[in-house]
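Down below is the structure, laid out as structure tokens.
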Number of protein chains: 4
Amino acid sequence: MKKNKPKFKQIIDAAVVVIAENGYHQAQVSKIAKQAGVADGTIYLYFKNKEDILISLFQEKMGSFIERLDALISDEETAAAKLKVLIENHFLMLSQDPHLAIVTQLELRQSNKELRKKINEVLKGYLQLVDRILSQGVETGEFIKNLDIRLARQMIFGTLDETVTNWVMKDQKYNLPELAPKVHELLLVGCKGEK
Amino acid sequence: MKKNKPKFKQIIDAAVVVIAENGYHQAQVSKIAKQAGVADGTIYLYFKNKEDILISLFQEKMGSFIERLDALISDEETAAAKLKVLIENHFLMLSQDPHLAIVTQLELRQSNKELRKKINEVLKGYLQLVDRILSQGVETGEFIKNLDIRLARQMIFGTLDETVTNWVMKDQKYNLPELAPKVHELLLVGCKGEK
Amino acid sequence: MKKNKPKFKQIIDAAVVVIAENGYHQAQVSKIAKQAGVADGTIYLYFKNKEDILISLFQEKMGSFIERLDALISDEETAAAKLKVLIENHFLMLSQDPHLAIVTQLELRQSNKELRKKINEVLKGYLQLVDRILSQGVETGEFIKNLDIRLARQMIFGTLDETVTNWVMKDQKYNLPELAPKVHELLLVGCKGEK
Amino acid sequence: MKKNKPKFKQIIDAAVVVIAENGYHQAQVSKIAKQAGVADGTIYLYFKNKEDILISLFQEKMGSFIERLDALISDEETAAAKLKVLIENHFLMLSQDPHLAIVTQLELRQSNKELRKKINEVLKGYLQLVDRILSQGVETGEFIKNLDIRLARQMIFGTLDETVTNWVMKDQKYNLPELAPKVHELLLVGCKGEK
DNA sequence: AATGAATGAGAGTTCATTCAT
DNA sequence: AATGAATGAACTCTCATTCAT
């Protein structure tokens, strides 16, 4: 399988760096090849075309992230604790890889609708994770009985995404993981807070 | 001032239609000119360049929207009521102009970082509106005392944005404004709900 | 109509020169544009793509040639005389435009099958001309009664084509039109000659 | 000598199949290697480069054909009979190998001028065969005394070639060898027919 | 003010050939 | 002898912008 060959990962990592440093529209295949230390043509031994690099990039990075998250979450008991782990690690992962943060929050969004649809496919795994936490919370009575899972999921994902994007747009100048507890609290009890 | 000339608005409206129907990357200047019923060169009598059309588009549409929102909100007393009006009208405005919804939620995000920074400038007016509501809520005791205004604003905007984007991605098939009360409730009391 | 604009012909004439001098595979669009004295992009205001230049080239040159031939032939009475005019002018036209001879006999044949099919469409007009001469010859008794028109046409066209190609391959060093009477005689009475 | 090794012929036969089925421009070396059941690199142990495959292909196929023709012709007495054997077998050979017919009549003609010059070298053997028949015909008085050998040879070759090409372009739908007698007659006595 | 013909820079991808194993 | 992964040069076409009319 091609994915196990070292050059596959090598090219994807090069793509992350090149896109983060040059922007999506200035990330030419030749630049990625140079950064990866291979010839232009070699790219096409591992990827169908340029778009395929970007999809694979997202699948590789996000896929492994979701797996790790899944493992961490299963260690927790309550839905609230699971949500906390999710938020903490979402922030942690992206703050540990500044290039990847730029790529996923800013650059990859400039891709065309077709690519974005495929990215959304990958994101589904993440959203299902959130859904499972919410369902458990409702079942155990931690969360309100008639919670609209879909809307709650959109709130959680929208909030995390907006928070990370703001942090990236501010050039990652402040500490992102530090915000996790407050965001967690906010999502659990809203603006009104604990009564 | 150019903005008051009829062709200025004419070209912006043409741009909304062309981008919504063809997508950002297929919205060539010549297509916009044709839709607007003017020659290609005429565009450049009213706009500095293509980017300027998009910025102006956002300013025009968002600017008038913020003004209208501001007026509606000042009719309400409590922060909660103001937030409700904000959400309702955010959803209402976009559901009343399907083309505009596609353009702002999907297509304009494909623009480059530079353009997106300028769009964020325009969005600041909206975010300040949210901030004022939140500050009032904290002052009057409606909202929790130590509410982190910035995070709460990111939650509110992130949630609304994600909700609208989902609706657009599902081809605007369901009724968006109908979701306002539930979203409002969710933002106020979180997943745990009213105690 | 685009075909009446001077640049249309200008670009086609440039293509003939560039292909004749550089060969089919070394006739880049940029070279043709330079030879025509226009920008690369201008080519695409008059032609759909590179293939379209070549098809148009053939249509323009061959089309007008067939028209001229048709007029000349109708001035003759007998089928034999018509055939003579056809051969003479076939040789004359190509020997008067050495570049065009190279392009039609050698270079355009390197094009892909798709393009060659379209070229054959244009050639049909020429072949029909030959067919009409042959039919007349049979009807008037000049030619043998049970002459196979299709085979005779293939003999005539194949002979003329092979003769011209040989002349081009020999760098057009000898006088082509001079061969017309002998070729005419040969086609009329075959190897055995007049009895 | 490499030509006697089994892989030499194996690769040439693979090339015929691949070119016939995919067309000249879609007949990549890697495809030929795959069809021949060898590695890409192996090709270069037997051929200098891609062009060399095509030249060798033509030499092998045409060379053995000319030898066979030569033998068959020497069995005949008169020039007319020899010409008949030539035509019959020219048609027969190509109709017995449909792939080869496509390759020689259509695909190989898309090659560049350089390659075509080398192909013409090989063809010389065939043309000399024709020339010998014609000379004999003139000497024995079968053919006209002042027959222009070169032109007559171009007529014969051009007619046969055009006839075969037409048959290939019509997808080899009709019986080619059946046409031999009529073509033979036509070449001998021309359009006027026997007097 | 308005036109629209003309401009020209810029990049993804293929494939014949090589060479270390 | 045989392999096949790696190489890297080369070219069409699009489209934002200009400027003579």
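Values reported hereafter were calculated over all heavy atoms of this structure, with side chains retained and with hydrogens, waters and symmetry mates removed. Reminder, nothing fancy here: chain letters follow the sequence lines and each chain counts from 1.
The side chain of B:Lys5 sits closest to E:dA1 out of E:dA1, E:dT18, F:dC13. You'll find that the side chain of A:Asp40 is closest to F:dA9, out of F:dC13, F:dA9, F:dA2.
When the nearest nucleotides of DNA chain E are assigned to C:Ala39 and A:Thr42 by heavy-atom distance, the more 5′-ward of the two goes with C:Ala39. When each of B:Gly41 and D:Gly41 is assigned the nucleotide of DNA chain E bearing its nearest heavy atom, the one mapping closer to the 5' terminus is B:Gly41. DNA chain F is contacted by both C:Tyr44 and B:Glu51; C:Tyr44 maps to the nucleotide lying nearer its 5′ end (nearest heavy atom per residue).
No donor-acceptor pair closer than 3.5 Å links the side chain of D:Asn120 to the backbone N or O of D:Leu123. Side-chain atoms of D:Arg109 never come within 3.5 Å of backbone atoms of C:Gln110 as a donor-acceptor pair (strictly under, hydrogens ignored). In this structure a side-chain-to-backbone donor-acceptor pair under 3.5 Å is present from C:Lys31 to C:Gln26.
Side-chain atoms of B:Phe8 and B:Ser56, non-hydrogen and from C-beta on, do get closer than 4.5 Å to each other. A:Leu45 is not listed as a side-chain neighbour of A:Lys7, based on a closest heavy-atom distance of 4.5 Å or more. Side-chain contact between A:Leu54 and A:Ile19: present, with at least one pair of heavy atoms (C-beta onward) separated by less than 4.5 Å.
Atom-to-atom, CG of A:Leu54 to P of E:dG12 comes out at 10 Å; the value is rounded to the nearest Å. Spacing between atom CZ of A:Phe47 and atom P of E:dT14 amounts to 15 Å, rounded to whole angstrom units. Between the CZ atom of A:Phe8 and the P atom of F:dA5 there is a distance of 16 Å, rounded to whole Å. A straight line from CG of C:Asn49 to P of F:dC11 spans 17 Å, rounded to a whole angstrom. To the nearest angstrom, C1' of E:dG8 lies 13 Å from CD1 of C:Ile43. The distance from atom NZ of D:Lys34 to atom P of E:dC15 is 14 Å, rounded to the nearest whole Å. Between the CG atom of A:Leu45 and the P atom of E:dC15 there is a distance of 13 Å, given to the nearest Å. In this structure, C:Ile32 atom CD1 and E:dG8 atom P are separated by 18 Å, rounded to whole Å.
Taking side-chain N and O atoms only, C:Tyr46 has a distance below 4.0 Å to OP1 or OP2 of E:dA6. Proximity of D:Ser30 to the phosphate of E:dC15: no side-chain N or O atom is located under 4.0 Å from OP1 or OP2.
Applying a 4.0 Å cut-off to non-hydrogen atoms, the residues of residues 13-29 of chain C that approach DNA chain F are C:Gln26, C:Gln28, C:Val29, listed by residue number.
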B:Met62/B:Thr104 under side-chain contact (heavy atoms from CB on, under 4.5 Å): CA gap, chis, key distance, verdict: CA-CA 10 Å; B:Met62 201 37 130; B:Thr104 60; over 6 Å; no
From CA spacing to verdict: side-chain contact (heavy atoms from CB on, under 4.5 Å), B:Gln28, B:Val18: CA-CA 9 Å; B:Gln28 294 88 349; B:Val18 169; over 6 Å; no
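Within 4.0 Å of B:Lys7, counting heavy atoms only, lie sugar-phosphate atoms of the nucleic acid but no base atom. Counting any heavy atom pair closer than 4.0 Å across all strands shown, B:Lys31 reaches no nucleic acid atom.
With respect to the salt-bridge test (charged N to carboxylate O, under 4.0 angstrom), the residues B:Lys124 and B:Glu121 qualify.
Here the straight-line distance linking atom CD1 of C:Ile53 with atom CD1 of C:Ile43 works out to 5.0 Å at 0.5 Å rounding.
Listed by first residue number, the stems of DNA chain F with at least three Watson-Crick or G-U pairs below 3.5 Å are E:2-21 with F:2-21.
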